[in-house]
Amino acid sequence: MHFQGKAKVHKMNRELLLAYVEDTEGIEFVKDLAGSKLHEKEHPLFLFECQFTVDGKKIPVTLLISKWFPQHLPLFYLPKYDHLGFLPHIEPSGQICYLEKESVYVNREEPKAVFQASAELAMQTLRHGLSGKRKGDFREEFHVFWERNKFRVPLRVVSFIDVGEEPKKIQLLKNQKKVIVFDTNKDIERQKRAHFQNGATMSKSGIYIPLRLDCDLVPPKYDQRWTIDDFVNWLKPQISSEHWETLTKSILYKKPTRFEYLLLGIPRETGSTILIGVHLKPKKDTPYPLLEKETGWGLDLLTISRLDDAAFLPRGGARMELQNKSVLLVGCGSVGSHIALNLAKMGVGKLSLVDKDTLNLENIQRFAIGFDYSLKPKVRALKEFIEKNYLKTLAIAHESTIESLIDKEDTFLANFDLIISATGDTTINMYLNQACRKQGTSLLVAWNEPYSLGGHAQLSISPQKGCYKCLFRELYNIASFAAKDQPKPFHKKHLGCGEVYTPYNALDSIRTSEITSRLSVSFLSGEVKLPQIVSWKGNSADFTSNGFALSTRYQNQTLEQLEELKQTFLNPECTHCG
């Protein structure tokens, strides 16, 4: 679609727009129109009645040009959405949907080209619809048509079921506002806790039915109310004979009337599955409508939101393979709290949090969650936030020191796929490094430099050589951006010894948490297989203005060199891995 070029920007007026129409093949001006409530929200500058000629057929259309044209594309409307029959890509308002604007650049300097390309695409949409060429789009976008049906019940329904290729019984929890659908006897309590924290719920039964791979579907029209017989007549031809046998002999053979809810899986050519639902409303002393006709049952159309792993996680950029991973995060302060949320967003299935401290008011500015969680133990605050906001991560809070946990269970660290330390405490990091070596568990250590100088994430993969202790030469961390010898300590005392802190800001913690989280995900996904240290460099002005000295690593290595040399820290004489 040609929307680019170089030209002088034109100020739109009626004569210029009429010239665009006249110079565009297949469209002609008929008359000016007055606006209506339908068009008000589009801020029309011009509203014309025009006529398309598509394969010799004259089609009346309304042309709307917004005051923000060409940044906002022209809109074309049929007199009614079904003026030409029920066609794909025609909105209930009659608007012709001719372009998905995602990632499309509209060149505002070429308004004529924009108009002509838009008109051509609108006519092409009608041409394909009338010829039946795009009939398959009904199936591909079935969810959209179903959702826009005038008689659909506005009940929120979310599904956690694994969408498979066989019919099966499903369970539902329902209150007045929403319904949760889940696989029978699978993680019921967790889903109930996450979504029905207050109020009474009812338990219901249902069936999931996958439709045929070659199903030929046309949805109900936008203003069409289906009867139960309309629905059954539409549904039965789309169920394979094998699946129908499973339904009648294994599911519906006794007490079929208890299955009031049906979820239908519509396969798309892209390989994904659309879920739609119906509520079959029983009529007393009548048979089940899938088994007999004219039962008089009622019918509600339901829109289903898929929150199962296969649909939900990839949509947000999360990783399916992380659902079966277990991570231990030691240290849930400024850096650690952001790591915790990052891993939850990426889909880590089980996240154990270790920290004995409380979220004090003075630490809120650098913490990942805010004032509402202050004065709570950090791990409990994060657990509560994660389980309320990230559905796919089970958070476990250990309000303790890591030493106490290991003391209680010698093999505690062996329960995890990865240990992350964000304590900022070298002594604890060394302790964990040695403990992980003994347990055969991999360790990732994250820390900030003071005064926004930078941050680091170092990965040790047991039993490979190359670990956290390899970084140290005579108690000095060779990865540091700060020189070994400094004129004074980095830390500050805000209110005396009880309020000692290292000066860095929330953005530093976010950046360090990002490189740590990315390295964690890459390791857990099997993409990273070698020990390494990843660093980011900040501006040194604040650091040096406070009288501190830079290391040769900071001064001599560019970002590219830091990346190239990230695996060169191994110490053959290391007492932990060497």
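Everything numeric here is computed off the predicted structure, so don't read it as measured data.
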- To the nearest 0.5 Å, atom CG of L126 lies from atom CG of L121 at 11.0 Å

- Nearest heavy-atom neighbours spanning F46 and N13: CZ-C, 3.5 Å

- Message: Please determine whether salt bridge (Lys or Arg N to Asp or Glu O under 4.0 Å) holds for the pair E514 and R518, giving the CA-CA distance in whole Å, both sets of side-chain angles, and the decisive distance to 0.1 Å.
- Response: CA-CA 6 Å; E514 185 203 346; R518 287 185 182 276; 2.8 Å; yes

- Query: G336 and L329: which non-hydrogen atoms are nearest, and at how many Å?
  - Reply: O-CD2, 3.2 Å

- Distance-minimising heavy-atom pair for V114 and P70: CG1-CB, 4.0 Å

- Message: Determine whether Y81 and D223 satisfy the following criterion, side chain to side chain donor-acceptor pair (under 3.5 Å), listing intermediate values before the conclusion.
- Response: CA-CA 10 Å; Y81 78 85; D223 55 1; 2.5 Å; yes

- Task: Specify the closest pair of heavy atoms between I170 and I207, including all atoms of both residues, with the distance to one decimal.
- Result: CG1-N, 3.5 Å

- Check the surroundings of atom NZ in K177: do more than 12 heavy atoms from other residues, nucleotides or ligands lie under 6.0 Å from it? no

- Within a strict 4.5 Å, meaning less than it, do heavy atoms of the K168 and D162 side chains meet? yes

- Item | Euclidean distance, E527 CD relative to L519 CG, rounded to 0.5 Å | 11.0 Å

- Note on the structure: In short, L172 meets S205 closest at the heavy-atom pair CD1-C, 3.5 Å

- Item | Aromatic ring proximity Y222/F86, centre distance under 6.0 Å | yes

- Task: Would you check if L63 and F115 make a side-chain contact, meaning some heavy-atom pair closer than 4.5 Å?
- Result: yes

- Note on the structure: In short, P88 meets D137 closest at the heavy-atom pair CB-CB, 4.0 Å

- Message: Among residues at least two apart in sequence or on other chains, which ones pass ring pair (Phe, Tyr, Trp, His ring centres under 6.0 Å) with Y288?
- Response: W297

- Query: Tell me, do E165 and L213 make a side-chain contact under 4.5 Å, heavy atoms counted?
  - Reply: no

- Task: Please check if the distance between the ring centroids of Y373 and F367 is under 6.0 Å.
- Result: no

- Pairs involving residues 344-355, ordered by first then second residue, that meet side-chain hydrogen bond (donor to acceptor under 3.5 Å, both in side chains) (sequence neighbours left out): none

- Task: Would you indicate whether the side-chain heavy atoms of R268 and R139 approach each other to under 4.5 Å?
- Result: no

- Message: Go through it in stages, so that I can follow the logic: the residues are E321 and K325, the test is salt bridge (Lys or Arg N to Asp or Glu O under 4.0 Å), and I'd like the CA-CA distance, side-chain angles, deciding distance and then a yes or no.
- Response: CA-CA 8 Å; E321 63 269 27; K325 299 297 183 182; over 6 Å; no

